[in-house]
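Some notes on the structure that comes next.
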Amino acid sequence: MSFRSGFVTILGKPNAGKSTLLNALINEKVSIVSPKPQTTRNKILGILNGKDYQIIFIDTPGIHVSHNKLDEYMSKSIDSAKDSADVYLLVLDGTKKITDSDLDFIRSFKGRGQIIVVVTKTDLVKMDKLYPELAKLNNLDFVKDIYPISAIKGDNVKNLLDTIISLMPEGVRYFDEDIYTDKSTRFLVEETIREKALLLLQDEIPHGIACQVVEYKVEHGVTKISCDIICEKDSHKSIIIGKGGSMLKDIGTRSRRDIEKIVGGKVGLTLFVKVKSGWRDNSHYVEDFGYNKKDI
Ligand SMILES: Nc1nc2c(ncn2[C@@H]2O[C@H](COP(=O)(O)OP(=O)(O)OP(=O)(O)O)[C@@H](O)[C@H]2O)c(=O)[nH]1
Ligand SMILES: [Mg+2]
């Protein structure tokens, strides 16, 4: 058989389960996941390499209203990912009712390529609650397929993947076979630390955080990384540091464990907390912290 390859864009509301789905599809952790909405901020490529296919999945930030320069960057990422994919995976949260706005969102993709609607988190819902919701998708005749799945349990993910592979056009290998993301180790490190901050901190604080690696070197077999955690207020800084440094220690320990898997060896991680007041509304800071519209 000839070689198949193509682009698959994953889109949906914040917290729908897009990044968890991407990681499950490629069986690698490339995109961070958290129980809080607006976790993903960049377009992130996850590449699945088969003997006779290569699929490039594109994870996107959840679609939401812009309030600041960072949101604008996120919206631009979503817009650019909407162009010219071979397949669109439109992700709905199976624990929520399917609304008219969800249906309008799906309809807005009519004529754009192959559309698959993925209703995820089915492990959290009873079948008698799920079926009436799935029935609301029945009349969307331009939709190629509807997959109820659990990305965490793996239910139906293989079937979804087989369908995606079958929809790939003939094409070339765009990336080397051993590459599974377009993102640098540095980016993955920054995101890992942000993921732990999202997990451990409450309210608005983690949404106002950016992480920036300031030093990365290997010494005597140990990867030494220093990273700034940037936040918006002095009061946030004290919460991130915690009593006697306990919160920062917890973020650091959990991050280090994951980063060791990414770099494949021992890691020494030092975290610093810095305040840049209102950085999310300042285009220079937003760009400095890795959200550059030129990259989109
Ligand atoms: N039980 C269960 N939880 C899931 C599943 N998929 C995602 N989740 C959870 O849902 C939450 C959101 O998942 P994400 O993958 O970060 O969602 P997202 O759509 O990427 O969110 P944004 O990046 O904020 O747009 C996390 O707490 C996940 O653990 C699933 O199949 N089953
Ligand atoms: Mg995400």
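Scope of the values below: all heavy atoms of this structure, side chains included, with no hydrogens, waters or symmetry mates. For ligands, and for the atoms within them, numbers begin at 1 and follow the listed sequence.
When heavy-atom distances to ligand 1 are checked against a 4.0 Å cut-off, L124 comes that close only through its side chain, counted from C-beta outward.
The closest side-chain donor-acceptor pair between R112 and Y88, if any, does not fall under 3.5 angstrom. Counting only N and O atoms by type, the side chains of T192 and S255 include no donor and acceptor under 3.5 Å apart. Between the side chains of N23 and T20, no donor N or O sits under 3.5 Å from an acceptor N or O. In this structure, a donor-acceptor pair under 3.5 Å is absent between the side chains of S150 and D155.
If you number the atoms of ligand 1 from 1 as listed, the ones under 4.0 Å from a heavy atom of P14 come out as 25 (O).
Taking distance alone, with nitrogen or oxygen atoms compared against 3.5 Å, T20 approaches ligand 1 more closely than that limit. Polar contact check, V33 against ligand 1: no nitrogen or oxygen pair lies under 3.5 Å apart. Looking at K18 next to ligand 1, an N or O pair under 3.5 Å apart turns up. Residue G62 has at least one N or O atom closer than 3.5 Å to an N or O atom of ligand 1.
The option from I32, N15, V157 that lies nearest to atom 12 (C) of ligand 1, judged by heavy atoms, is N15. Here atom 30 (C) of ligand 1 lies nearest to K121 when heavy atoms of E195, K121, H64 are compared. The heavy atom nearest to atom 1 (N) of ligand 1, considering only V119, I152, D123, I44, is found in D123.
T20 lies apart from the Mg ion (ligand 2) in this respect, since none of its N, O or S atoms is found at a distance under 2.8 Å. Taking 2.8 Å as the criterion, S19 counts as a coordinating residue of the Mg ion (ligand 2), since one of its N, O or S atoms falls below it.
Looking only at side-chain heavy atoms (C-beta outward), D178 and N49 stay at 4.5 Å or farther from each other.
Closest protein heavy atom to atom 26 (C) of ligand 1: S34 O, 3.4 Å.
More than 12 heavy atoms of other residues, nucleotides or ligands lie within 6.0 Å of NZ in K36, so this atom counts as buried by the packing criterion.
Ion pairing between a basic and an acidic side chain is recognised when a charged N comes within 4.0 Å of a carboxylate O; R107 and D104 show such pairing.
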